[in-house]
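Let me begin by presenting the structure, written as structure tokens, before commenting on it.
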Amino acid sequence: MKKTLFFLAFICTLNLFAQEQGAIRGTIFDMEMNNEPLLFADVQIKDTKFKTQTNFRGNFEISNVEPGNYILKVTFLGYESYEVPVEVVASNTIEVTQGLKAKTVSLSDMSFADENTLQNSEIAISSMER
């Protein structure tokens, strides 16, 4: 009887500790494609080990997060990254829904090589091949 009572008390104690953590979940969508789900976008809590990717529906979930204030960062190749401050509360789940826009590149951001640079690189490559 004592062993059974001890075992039940131990199980109840584990449940109390598990409720001291929170979770973050949400949906990331593509603003360039009529708000379609953004597949395999990286979602991470900055400066922590927590990182995941969105699924085929654009959903993600990060669980077992200690309560506190964090920065949630969403990135996807070719898209503007998004950062949002979140406050994780014990036993609660934070919902985040966000769309990402494609990056824009202007000609002033690009650099072009001149003919001398190209000729010098061709000489360097041909000398390496010998």
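All values below were derived from every heavy atom in this structure, side-chain atoms included, with hydrogens, water molecules and symmetry-related copies excluded. This is a predicted model, so every value here is computed, not measured.
- The shortest distance between side-chain heavy atoms of Val86 and Ile24 falls below 4.5 Å.
- Considering every non-hydrogen atom in both Glu61 and Thr52, the closest pair reads O-CG2, 4.1 Å.
- One finds the NZ atom of Lys101 at 8.0 Å from the CD atom of Glu32 (value rounded to the nearest 0.5 Å).
- Nearest heavy atoms, Pro37 versus Gly58: CB-N, 3.6 Å.
- Although no hydrogens or angles enter the test, the distance criterion places a donor-acceptor pair under 3.5 Å between the side chain of Thr54 and the main chain of Leu38.
- Atom CG of Asp47 has 12 or fewer heavy atoms from other residues, nucleotides or ligands within 6.0 Å.
- Tyr79 is linked by a ring-ring contact (aromatic ring centres under 6.0 Å, His included) to Phe76, counting only residues two or more places apart in sequence or in another chain.
- When all heavy atoms are compared, the tightest approach of Glu20 to Ala90 is O-CB, 3.7 Å.
- Taking CD of Gln44 as the reference point, atom CD1 of Ile71 lies at 11.5 Å (rounded to 0.5 Å).
- Atom OG of Ser81 sits about 5.0 Å away from atom NZ of Lys73, to the nearest 0.5 Å.
- Closest heavy-atom contact between Ser63 and Ala23: CA-CB, 3.9 Å.
- Here the CD-OH distance, from Glu87 to Tyr70, works out to 10.5 Å after rounding to the nearest 0.5 Å.
- Distance check, rounded to the nearest 0.5 Å: CD of Glu80 to CE of Met31 gives 11.5 Å.
- When side chains are defined from C-beta on, Leu72 counts as touching Phe60, because their heavy atoms get closer than 4.5 Å.
- Here the CG-CG distance, from Leu39 to Asp30, works out to 9.0 Å after rounding to the nearest 0.5 Å.
- Qualifying side chain to side chain contact (heavy atoms under 4.5 Å, CB included) partners for Phe50, counting only residues two or more places apart in sequence or in other chains: Ile45, Thr48, Ile62, Val65.
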For this session: Please step through side chain to side chain contact (heavy atoms under 4.5 Å, CB included) for the pair Thr75 and Tyr82, ending with a clear verdict.
Result: CA-CA 7 Å; Thr75 57; Tyr82 174 76; over 6 Å; no
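- Gln53 is linked by a side chain to side chain contact (heavy atoms under 4.5 Å, CB included) to Phe40, Asp42, counting only residues two or more places apart in sequence or in another chain.
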